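Written below as structure tokens is the structure these notes are about.
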Amino acid sequence: QLQLVESGGGLVQPGGSLRLSCAASRFTLDYYTIGWFRQAPGKEREGVSCISSSGGSTNYADSVKGRFTISRDNAKNTVYLQMNSLKPEDTATYYCAAVGPSRFTVQAMCVRGLFDYWGQGTQVTVSS
């Protein structure tokens with residue numbers, strides 16, 4: 001079974017940057033659409049950004065457009081989420097998720113959370 005491991009979370013001041021990584025063991029990620037999701041205490045899970053298996057299609061939540069960038073390096077079997085200009089409201093546990101070929105668009109999968117495999121999450125805290 002595909003296992004995903006997130007890393008790169010931590011404590012950062014407002015306006016700072018972090019880069020999250022999502023790596024897989026035992027399987028290559030280039031078959032999968034990958035998504036980054038986040039959930040803060042007391043809030044619903046939000047699809048932050050998603051990227052197709054080829055990297056040719058991406059989707060971003062309105063709340064992160066212009067600040068976050070998703071990318072993938074299939075040679076390194078890793079997907080990244082570069083987060084710039086971080087705000088306190090970005091504080092959450094961030095999860096990466098994967099799904100194989102789907103009839104749904106990347107946007108639909110991202111908004112609806114249509115992913116089969118989920119990592120354990122990494123905490124991001126934005127605070128002064």
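Values below: every heavy atom of this structure, side chains too, minus hydrogens, waters and symmetry copies. Since the model is a prediction, treat every value here as computed from it, not as a measurement.
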Side-chain atoms of residues 26-36: list all donor-acceptor pairs with protein atoms under 3.5 Å, sequence neighbours left out, distances to 0.1 Å.
from	atom 1	to	atom 2	distance (Å)
Thr28	OG1	Asp30	OD1	3.1

* Can you list every side chain to side chain donor-acceptor pair (under 3.5 Å) pair that touches residues 73-86, not counting sequence neighbours? ->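 Listed by first then second residue: Ser17-Asn84, Arg72-Asn74, Gln82-Asn84.
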* **Sequence neighbours excluded, every pair satisfying side chain to side chain donor-acceptor pair (under 3.5 Å) that has a member inside residues 55-71** =>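 Every side chain to side chain donor-acceptor pair (under 3.5 Å) pair that includes a residue of residues 55-71, provided the two are not neighbours, is Arg38-Ser63, Glu46-Ser63, Asp62-Lys65, Arg67-Asp90.
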* Asked: If you group Ile, Leu, Val, Met, Phe, Trp and Tyr by side-chain heavy-atom gaps below 4.5 Å, do Met83 and Tyr95 land in one group?
  ->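 Met83 does not cluster with Tyr95.
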Check residues 121-128 and write down every donor-acceptor pair under 3.5 Å in which the side-chain atom is one partner and the other belongs to a residue at least two apart or another chain.
from	atom 1	to	atom 2	distance (Å)
Thr122	OG1	Gly9	N	3.2
Gln123	OE1	Thr93	OG1	2.9
Gln123	NE2	Ala92	O	3.4
Gln123	NE2	Thr125	OG1	3.4

Residues 96-112 side chain polar contacts: donor-acceptor under 3.5 Å, at least two apart:
from	atom 1	to	atom 2	distance (Å)
Ser102	OG	Phe104	N	3.0
Thr105	OG1	Ala108	N	3.0

* **Sequence neighbours excluded, every pair satisfying ring pair (Phe, Tyr, Trp, His ring centres under 6.0 Å) that has a member inside residues 107-128** =>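 Every pair satisfying ring pair (Phe, Tyr, Trp, His ring centres under 6.0 Å) with a residue in residues 107-128: Phe37-Phe115, Phe37-Trp118.
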* To do: From the options Ile51, Leu18, Val48, select the one residue that forms a side-chain contact (heavy atoms from CB on, under 4.5 Å) with Leu81.
  =>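 Exactly one option meets the side-chain contact (heavy atoms from CB on, under 4.5 Å) with Leu81, and it is Val48.
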* Cys22 side chain reached by Val5 side chain, heavy atoms, under 4.5 Å ->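 Sidechains of Cys22 and Val5: no contact.
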